[in-house]
Amino acid sequence: MEFQAKAFKYGDDINTDYIISGKHKFKSADMEAMAVHAMEDLDSEYYNKVKPNGGFLVAGKNFGMGSSREQAPLVLIHSNTKAIIAKSFARIFFRNAINTGLPVIECDTDLIDDGDELFVDLESGVVRDLTKDIEIPFPPLPPVMAQLLADGGLVEHFKKHGGFSI
Amino acid sequence: MITITGKTIAEKIFSAHSGTDARAGDIVIADVDFVMGQDGTSPLAIRALENMGVDSVFDPSKVAVVMDHSSPSPIEGVSALHTMMREFGKKTGVTVYDIGEGVCHQIIPERGHVVPGDLMVGCDSHTCTYGAVNVFSTGVGSTDGAAAMAAGKLWFKVPDTMKVTYTGALNPGVFSKDLILYLAGKIGVDGATYMALEFHGPVIDALSVEARMTISNMAIEVGAKSGLMVADEKTIEWFKGRGEKTPDPQSPDADAVYADSIEIDASQIGPQIAKPHAVDNVSPIEEVEGTPIAQGVLGTCTNGRLEDFAIAAQILEGRKVHPDVRFIVAPSSRQVYLDAIEAGYIQTLTRAGAAVVTPGCGPCVGTHNGVPSDGENVISTANRNFKGRMGNSNAFIYLGSPATVAASVIEAKITDPRKYFE
């Protein structure tokens, strides 16, 4: 999978309440409608910035900490976020992202600035910052997660194999 | 030479549930003893099951869905999701805990759905609470939950374990909440990411099962997968009369290998406060004493149990909540509510000025039951103080023990509770 889009950069310890607030997530199971609230407590313009042309959400350490809400990766997908690029991820979010088909990339993000144009090829294991003309390598996913992501998420994996086949 | 070392609690539970010699770092497919979802997560799990083409669960007696986060429904969207959960219950035969039953994390152990030695997953991050009763329980997303409901198993990475030992003894007016807030302040919100915690030491041994649950409940707040404790006589006693299942307690071997070990002298710890907007932004209470508060909250899966009500009632007996403060109280289950009425705690708190709401999550998640106003400070017994957590991103949430909250609502400012325990 290859993507090119702008970087939208935020800090460390972004929790899933910030990605989608509890006051919205309990109201509906319509992720398209809920996506307008993605990241709104940190950046009320996130949806408007990312939706038209897509984007990468770039962050520091421990992205997705806190609540297990799967609405978090889902609203990011529906806001046209192509992948999350962060120094590290919280455990439940990391699983949820793979299960729902949102690519997560763990690498050093210090050199990436807000607004940089990025190109990512998931297979090659490199983030190219076209604005700065640099390449940042990232490690491959654990094999079990790579397989789930390749199948299109856990639901598709189950449909394809009739259960776990890992 | 091959050296075979001992196992942690996590490695033992995963070995028993996967039929392998499970060691930290291994990927295993393990049988789960129970699967749970709440009203914020079950609807997506139900939809995932539909999308998988699955119309039954592996064992209806081992699955429950709980309406606790927005309960009773405050808005039509939630009502529709609650209806979806009730219909799922009728279709599959899983247990449905409807409004008024309480917080999932109180109900699941209280009803004996899990016992020591079990492995369970819940679609809620605070599922780690039952580590206090020797259950490897961990939070997962809705799709993982759906897969576990369908197959009765799930894939796991067996975690490394960090051993936390509390030495010494608790001082009067200091509680298990202060112990876990202190740890969060010390190791940070990602201090144990991808790890299990094991809590040990004389301080843990001396705590009640309820007080231990407060500690395990917040394991996720330092990124941990689980917050495990050994099952002792108190644990086994606590499970008597709570169902048919036979406990199979798992203790760590003396030569178990830990990724990290921390020792904390509880004698040196006073009441702790987590300040806005991070759970690891922790100070001794002396540093924030006098901060004005507009609302106090007693309850949630962290501190909504009978013992928490007893502590608050002891402080508020014959006293009044300050007229400038709203004091919201939410028992963690119907049983806790009944026991608190029986013991007179509800009367004491209500006479003092508390507003008692339906057993459940109360105002913790910002959906109902007391959304703070712009600029207001809240003191709460909950586990999270993220910006906007209680439904208003312009409010400020401080976390403390039930004693700290009770002492603070009397004076409309953050107050050291130790004066009530002299």
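Labels below follow one simple rule: chain letters A, B, ... track the order of the sequence lines, proteins then strands, and each chain is numbered from 1. Values in this document were obtained by computation on a predicted structure and should not be read as measured data.
Atom OG of B:S142 and atom CD of A:Q71 lie 6.0 Å apart (nearest 0.5 Å). The SG atom of B:C123 sits 13.5 Å away from atom CZ of A:R69, with the distance rounded to the nearest 0.5 Å. Remark: B:L44 CG to A:M31 CE distance equals 4.5 Å, nearest 0.5 Å.
Nearest heavy atoms, B:S125 versus A:G66: CB-O, 3.5 Å. Pairing each heavy atom of A:S21 with each of B:G388, the nearest pair is OG-O, 4.3 Å.
Annotation for B:K157: atom NZ does not count as buried by contact number, only 12 or fewer foreign heavy atoms lying within 6.0 Å. By the 6.0 Å contact criterion, CD on A:E123 is enclosed, its count of non-hydrogen atoms from other residues, nucleotides or ligands being greater than 12. Annotation for B:K275: atom NZ counts as buried by contact number, over 12 foreign heavy atoms lying within 6.0 Å.
Chosen from A:D30, A:T100, A:N99, A:L74, the residue pairing most often with chain B at heavy-atom distances under 4.5 Å is A:N99. For the set B:N383, B:V279, B:V189, the entry with the most heavy-atom pairs within less than 4.5 Å of chain A is B:V189. Between chain A and the options B:G139, B:A150, B:A80, heavy-atom pairs under 4.5 Å are most frequent for B:G139.
Looking at A:L42, there are no atoms closer than 4.5 Å to chain B (heavy atoms on both sides), in backbone or side chain. Of the two parts of B:R384, only the side chain, counted from C-beta on, holds a non-hydrogen atom closer than 4.5 Å to a non-hydrogen atom of chain A. Of the atoms belonging to A:S67, heavy atoms from both backbone and side chain fall under 4.5 Å from chain B. The parts of B:A147 that come within reach of chain A are both its backbone and its side chain, each placing non-hydrogen atoms under 4.5 angstrom from that chain. Neither the backbone nor the side chain of B:H82 comes within contact range of chain A, judged by heavy atoms closer than 4.5 Å. For B:V140, the part lying near chain A is the backbone, with the side chain staying farther off; criterion is any non-hydrogen pair under 4.5 Å. Interface residue A:F89: backbone and side-chain heavy atoms are both found under 4.5 Å from chain B.
Chain B is approached within less than 4.5 Å, heavy atom to heavy atom, by A:D13, A:N15, A:D17, A:Y18 from residues 10-20 of chain A, ordered by number. At a heavy-atom cut-off of under 4.5 Å, chain A is reached by B:A48, B:N51, B:M52 from residues 48-56 of chain B, listed in order of number. Near-neighbour residues of residues 128-159 of chain A relative to chain B, defined by a heavy atom under 4.5 Å from a heavy atom of that chain, comprise A:V144, A:M145, A:L148, A:L154, A:V155, A:F158, A:K159. Listed by sequence position, A:K61, A:N62 are the residues of residues 44-63 of chain A in contact with chain B, using a 4.5 angstrom heavy-atom cutoff.
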### Task
Apply side chain to side chain contact (heavy atoms under 4.5 Å, CB included) to the pair A:D41 and B:F386, showing each step before the final yes or no.
CA-CA 10 Å; A:D41 281 343; B:F386 305 152; over 6 Å; no
### Query
Should A:M65 and B:T193 be marked as a side chain to side chain contact (heavy atoms under 4.5 Å, CB included) after you check the CA-CA gap, both sets of side-chain angles, and the distance that decides it?
CA-CA 9 Å; A:M65 62 177 264; B:T193 298; over 6 Å; no
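For the pair A:E70 and B:T41, the minimum side-chain heavy-atom distance is 4.5 Å or more.
Counted by atom type alone, A:N96 and B:D144 present zero donor-acceptor pairs between their side chains at under 3.5 Å. Side chains of A:R91 and B:T138: a donor-acceptor N/O pair is present below 3.5 angstrom, by distance only.
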